[in-house]
Number of protein chains: 2
Amino acid sequence: MLELLQNRRTIRQYSEKEIPEALLRQLLLTACRASTTGNMQLYSIVVTREDAMKKRLSPAHFNQLSVVSAPIVLTFCADFNRFIKWCELNQATPGYDNFQSFFTAAIDALLVAEQFSVAAESQGLGICYLGTTTYNCDQIIDILQLPKFVVPITTLTVGYPKLLPEQVDRLPYEAVVHDERYHDYTADQISSLYGYKENLSENKQYIEENGKQTLAQVFTDVRYTKENNEHFSKVLLDTIKRQGFQF
Amino acid sequence: MLELLQNRRTIRQYSEKEIPEALLRQLLLTACRASTTGNMQLYSIVVTREDAMKKRLSPAHFNQLSVVSAPIVLTFCADFNRFIKWCELNQATPGYDNFQSFFTAAIDALLVAEQFSVAAESQGLGICYLGTTTYNCDQIIDILQLPKFVVPITTLTVGYPKLLPEQVDRLPYEAVVHDERYHDYTADQISSLYGYKENLSENKQYIEENGKQTLAQVFTDVRYTKENNEHFSKVLLDTIKRQGFQF
């Protein structure tokens, strides 16, 4: 079991093999056993199987190939709509139109997504998270017809692996774990902790392909730019508010 | 493996048995194999073992007993500090002082927390999530000395179970899974989906103990009140901004 978790890798290319409906249902039920705030289950999961819907979602995910090629796409949403409706039907006055409530529901949605991932991988499936979900959350809301108090948080593409890619690197233990208090990093520590990553031949090639001098520049100048981050910050903030969470 | 995930339950009471250091290290390394945005690993995990530190953290978690009684408390933080420092040391200009970047790091932190939970449970440990982390994030920042661009997102108490509580209920599949599009709930559907929960004897007792008429009122009037949600929304928003993410 630990081995399964340790050997996992993101799968972006899927075989033709379909996911049986009964298996998907079992995996989704298993996912819902993840911890949830006050047992409120402040999430919904939208299952996309239809090709037409995958094609409509694809641009919102910058046409990443896994969206149209995966047998299943799952959009995990923070959902206070269902809970608020339940309150209103039970002489209870909900006070959930605020940022903390949105964030609580987002946590719930992410724990379910990760428990789903582990469950799916234990059955030989592969998954890929799409971080684009919070970038183009406004488009996804329109496509999936998400009502007020529902915000898409993350998306998984799911399918049987076509091939098993190499496992990518991770920072050493000392980079991410702190004993008792946060121990901030010196310049020397940063260089040492990121040294292995910087010296990987695939990363050196990556720098060259992008015409940059350092690996960090590929992130700041190409992959996650200030301009994009600021644009998509505005989209996300506006969308959270538009869906009813005021702040 | 599916059975493990399906049978899981939150553990709030722990035995005296210590968690071996080697096991904790292995579990944390396993957790770091969770998916992470662009392989940036935008999180840090602070391990609390010392009694004095548990006592300091306890009020931030409203003195929930599991904080002082668990052998280990883990605080999972969204962390752009390390990555920004790396950029600055590599002639790269980071553009990560914004809301989307904060949210991306929060997602990373939550996926690691959930992968840790599953790994720990596979080894016979039990965990409890503390939603209070985003309520009193300002206090936790002071106690754990979290620098700019680091925000605590969730906390796990971890230990060997003292006893195995009954598994709590979950909403039926149809309540949380939507086919192709979000299908909003009618009043009848809400009543039906929440019927099982409302009729549980422990929930009926819970209503009575709290002097309420409906289960929903226990949530809106006692457990997650509008007043508290609004207060802690302000704390969380102010804290995210104070830590350097501007919006």
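Order of the sequence lines fixes the chain letters, A, B, ..., with proteins taken first and strands second; residue numbering starts at 1 for each chain. Everything quoted here is computed from the prediction, not taken from an experiment.
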Below 4.5 Å from any heavy atom of chain B, which atoms of A/Val112 appear? Answer side chain, backbone, both or neither.
neither

For chain B, the option from A/Gly38, A/Cys87, A/Ala109, A/Ala106 that forms the most heavy-atom pairs under 4.5 Å
A/Gly38

State whether a side-chain donor-acceptor pair under 3.5 Å links B/Asn98 with B/Ser101.
yes

Within the 4.5 Å heavy-atom criterion, are B/Gln100 and B/Phe245 side-chain neighbours or not?
no

Side chain, backbone, both or neither: which part of B/Asn228 has an atom under 4.5 Å from a heavy atom of chain A?
neither

Okay, A/Leu171 and chain B: the region with an atom under 4.5 Å from a heavy atom over there is both

With heavy-atom distances below 4.5 Å as the criterion, would you say the side chains of B/Gln217 and B/Thr214 are in contact?
yes

Salt-bridge present (A/Glu50, A/Lys54; N to O < 4.0 Å):
no

Where does A/Leu156 contact chain B at under 4.5 Å (heavy atoms): side chain, backbone, both or neither?
neither

In terms of heavy-atom proximity below 4.5 Å to chain A, should B/Leu89 be classed as side chain, backbone, both, or neither?
side chain

So which part of A/Ile153 gets closer than 4.5 Å to some heavy atom of chain B, the side chain, the backbone, both or neither?
both

Looking at A/Glu88, A/Gln246, A/Glu198, which has the largest count of heavy-atom pairs under 4.5 Å with chain B?
A/Glu198

By a 4.5 Å heavy-atom criterion (distance strictly below it), what part of A/Glu3 contacts chain B: side chain, backbone, both, or neither?
neither

Interface moiety of B/Gln189 toward chain A, non-hydrogen atoms closer than 4.5 Å:
neither

Do B/Asn81 and A/Tyr182 get their side chains close enough for a donor-acceptor pair, meaning under 3.5 Å?
yes

Heavy-atom distances under 4.5 Å only: say whether A/Asp184 touches chain B with side chain, backbone, both or neither.
side chain

By a 4.5 Å heavy-atom criterion (distance strictly below it), what part of A/Phe103 contacts chain B: side chain, backbone, both, or neither?
side chain

Given that the side chain runs from C-beta out, which part of A/Arg25 has a heavy atom under 4.5 Å from chain B: side chain, backbone, both or neither?
both

Look at A/Phe247, A/Phe232, A/Phe219 and state which one has the largest set of heavy-atom pairs under 4.5 Å with chain B.
A/Phe219

Chain A heavy atoms under 4.5 Å from B/Ile240: which part of the residue, side chain, backbone, both or neither?
side chain

For the interface with chain B, which of A/Leu193, A/Leu237, A/Leu144 has the highest count of heavy-atom pairs at distances below 4.5 Å?
A/Leu237

So which of A/Asn229, A/Leu236, A/Val218 has the largest heavy-atom pair count under 4.5 angstrom toward chain B?
A/Asn229

Is it the backbone or the side chain of B/Gln213 that comes under 4.5 Å from a heavy atom of chain A, or both, or neither?
neither

Portion of A/Arg223 that has a non-hydrogen atom of chain B nearer than 4.5 angstrom:
side chain

Counting only heavy atoms closer than 4.5 Å, note whether A/Asn7 contacts chain B via side chain, backbone, both or neither.
neither

Under 4.5 Å from a heavy atom of chain B, the part of A/Thr10 involved:
side chain

Note, B/Glu121 side chain near B/Ile11 side chain (heavy atom, < 4.5 Å):
no

Chi angles and distances behind the side chain to side chain donor-acceptor pair (under 3.5 Å) call for B/Thr30, A/Gln6
CA-CA 5 Å; B/Thr30 303; A/Gln6 282 158 2; 2.9 Å; yes

Can a donor-acceptor pair be found between the side chains of A/Glu114 and A/Tyr129 at a distance below 3.5 Å?
yes

Identify which part of A/Lys212 has an atom lying under 4.5 Å from any heavy atom of chain B, answering side chain, backbone, both or neither.
neither

Per-residue contact mode, B/Leu74 against chain A (heavy atom under 4.5 angstrom):
neither

Between chain B and each of A/Gln167, A/His183, A/His231, count heavy-atom pairs under 4.5 Å; write down the option with the most.
A/Gln167

If one checks every heavy atom of B/Lys197 against chain A at 4.5 Å, the contacting part turns out to be side chain

Could you tell me if the side chain of A/Leu215 sits less than 4.5 Å from the side chain of B/Asn90, heavy atoms only?
no

Check: B/Thr225 and B/Thr220 side chains under 4.5 Å, non-hydrogen atoms:
no

